[in-house]
Amino acid sequence: MRSASAWKRPNEKSGRARGVSRRRGNGKMATSMEKLKKCPGFCLRFRGVSGAFLENVSASLVLVLVLALVERGCGNNNAYEPEEFLKREYSLTKPYQGLGSSSSSHWELSGNAMITPEHVRLTPDLQSRQGAVWSRIPCYIRDWELQVHFRIHGQGKKNLNGDGLAIWLTKERMQAGPVFGNRNLFTGLGIFVDTYPNEDKHHERVFPYISAMVGNGSLAYDHDQDGRNVDLGGCTASVRNVDYDTFLLVRYMRNTLMIMMDIEGKQEWKECLEVPGVHMPQGYYFGASSVTGDLSDNHDLISFKLFELTVERSPEELENEEEVLMPSVDYRDVPVDVVDEGMSTLTLFFLFVFSVVGLVLLIVVALIIYQRWKDRSRKRFY
């Protein structure tokens with residue numbers, strides 16, 4: 001497979017091959033052959049030219065064969081050039097036949113998400129909407145590459161639109177929440193295409209902004225800070241209201257997370273983020289979600305293609321591999337920040353009851369102590 005940085009989407013063109021002349025024929029062909037028979041010199045010259053032509057063709061074929069063998073040998077020596085295979089059970093493409101509410105479908109919708117012939121609309125350009133699409137099948141692929149074709153567009157002006165969409169690979173699924181339509185305190189990987197700056201609009205980040213986060217179930221995404229406290233980095237990506245297709249590539253190979261994008265209509269991948277030492281368990285679910293608040297946009301998912309990467313590993317690597325039970329990132333001190341969601345009504349009720357009981361007990365103990373002190377005082381006068 002060619003490197004992602006040099007990857008280009010091929011343009012299919014149809015037409016007649018060059019160098020192929022049309023067949024021409026007439027009644028004079030027999031006469032021409034009789035004339036050639038009478039010209040032995042011409043025939044000898046013709047045979048000489050034909051022989052040289054055949055020799056050149058043979059040499060060219062041998063050269064092509066040698067180059068092909070050399071390229072194949074080089075490719076086998078490079079374990080970082082994996083083969084890729086489309087995994088249809090984890091992919092979502094038109095006409096979205098694997099998407100539905102039946103138990104036999106591979107994908108299902110939630111919230112305000114809806115299917116159209118051209119895309120899966122996670123949220124419409126309306127306020128206070130939430131939608132998601134989730135795979136029903138847990139993923140047990142070790143090395144993979146995900147290519148997402150999406151579109152974000154709406155009537156709002158710049159910085160008057162929101163909020164963006166997210167791509168997920170998490171232990172939990174189909175749980176709505178405040179993080180781009182998904183729950184907070186998730187366990188797994190989140191890729192965010194954030195279109196609205198919630199924090200200081202004069203900060204160094206320019207929105208829309210693509211970022212990534214690895215959660216362990218206790219790490220909270222702070223929406224008011226645009227996730228700056230927990231993200232692994234990112235890049236600016238002008239993906240809203242553009243006239244060309246926008247794509248996102250997420251590659252997880254050899255415990256390295258790489259994010260690339262094709263958002264300029266040039267059919268080329270540009271690197272956004274690369275993080276080594278990312279450890280992800282298997283058996284998690286792929287998904288995509290979006291949310292709107294006071295500001296809104298159309299968030300459309302056009303295709304979701306997962307490729308399995310075949311990566312050669314040495315016997316030492318296979319021997320030293322350990323089963324990953326919890327998502328983590330090497331050499332990164334991630335703070336555990338649990339979101340305070342407030343106390344429920346039941347908690348407040350029990351707190352009130354215990355407070356009243358404690359106060360009554362305190363009064364009773366005080367009365368007993370006072371009564372004993374009073375009795376001792378009376379004995380002094382007798």
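As the structure is a computational prediction, the values presented were derived from the model and not from experiment.
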Aromatic ring pairing Trp144/Phe286, orientation class (parallel under 30°, perpendicular over 60°, tilted between): perpendicular
Parallel, tilted or perpendicular: rings of Trp168 and Phe186 (30°, 60°): perpendicular
Do [X] and [Y] touch side chain to side chain, with heavy atoms closer than 4.5 Å?
{"X": "His279", "Y": "Ser328", "result": "yes"}
{"X": "Val193", "Y": "Ile152", "result": "yes"}
{"X": "Met261", "Y": "Cys235", "result": "yes"}
{"X": "Phe150", "Y": "Leu248", "result": "yes"}
{"X": "Lys305", "Y": "Val148", "result": "no"}
{"X": "Leu109", "Y": "Val120", "result": "yes"}
{"X": "Tyr221", "Y": "Pro178", "result": "no"}
{"X": "Ile167", "Y": "Phe304", "result": "yes"}

Looking only at side-chain N and O atoms, does [Y] offer a donor or acceptor that is under 3.5 Å from a partner on [X]?
{"X": "Ser289", "Y": "Asn182", "answer": "no"}
{"X": "Asp224", "Y": "Asn198", "answer": "no"}
{"X": "Asn229", "Y": "Asp222", "answer": "no"}
{"X": "Thr187", "Y": "Glu172", "answer": "yes"}
{"X": "His153", "Y": "Asp300", "answer": "yes"}
{"X": "Thr123", "Y": "Ser290", "answer": "yes"}
{"X": "Ser105", "Y": "Arg136", "answer": "yes"}

Near-ring test Phe192/Phe180, centroid separation under 6.0 angstrom: yes
Sidechain N-carboxylate O distance under 4.0 Å for [X], [Y]:
{"X": "Glu321", "Y": "Arg142", "answer": "yes"}
{"X": "Asp231", "Y": "Arg205", "answer": "yes"}
{"X": "Arg313", "Y": "Glu319", "answer": "no"}

How close do [X] and [Y] get, heavy atom to heavy atom, and via which atoms?
{"X": "Ile302", "Y": "Arg151", "value": "CD1-CB, 4.3 Å"}
{"X": "Pro327", "Y": "Asn216", "value": "O-CB, 4.1 Å"}
{"X": "Phe247", "Y": "His149", "value": "CE2-CG, 3.4 Å"}
{"X": "Ala237", "Y": "Ile210", "value": "CB-CD1, 3.5 Å"}

Salt bridge (charged side-chain N to carboxylate O under 4.0 Å, His left out) evaluation trace for Glu264 with Lys270: CA-CA 10 Å; Glu264 298 177 352; Lys270 292 181 61 177; 3.2 Å; yes
Chi angles and distances behind the side-chain contact (heavy atoms from CB on, under 4.5 Å) call for Trp134, Gln175: CA-CA 10 Å; Trp134 283 94; Gln175 298 185 20; over 6 Å; no
Under a 4.5 Å side-chain heavy-atom rule over Ile, Leu, Val, Met, Phe, Trp and Tyr, are [X] and [Y] clustered together?
{"X": "Phe207", "Y": "Leu232", "result": "no"}
{"X": "Leu169", "Y": "Val278", "result": "yes"}
{"X": "Tyr140", "Y": "Phe307", "result": "no"}

Side chain Ser296, main chain Thr292, donor-acceptor under 3.5 Å: no
Atom CD of Gln155 with >12 non-hydrogen neighbours under 6.0 angstrom: no
Crowding at CG, Asp330 (>12 non-hydrogen neighbours, <6.0 Å): yes
Pair Val329-Val275, side-chain contact (heavy atoms from CB on, under 4.5 Å): steps then yes or no: CA-CA 9 Å; Val329 182; Val275 183; 4.2 Å; yes
Pair Asn298-Asp125, side chain to side chain donor-acceptor pair (under 3.5 Å): steps then yes or no: CA-CA 5 Å; Asn298 296 305; Asp125 192 1; 4.5 Å; no
Separation between OG1 of Thr236 and CG of Asp194, rounded to the nearest 0.5 Å: 11.0 Å
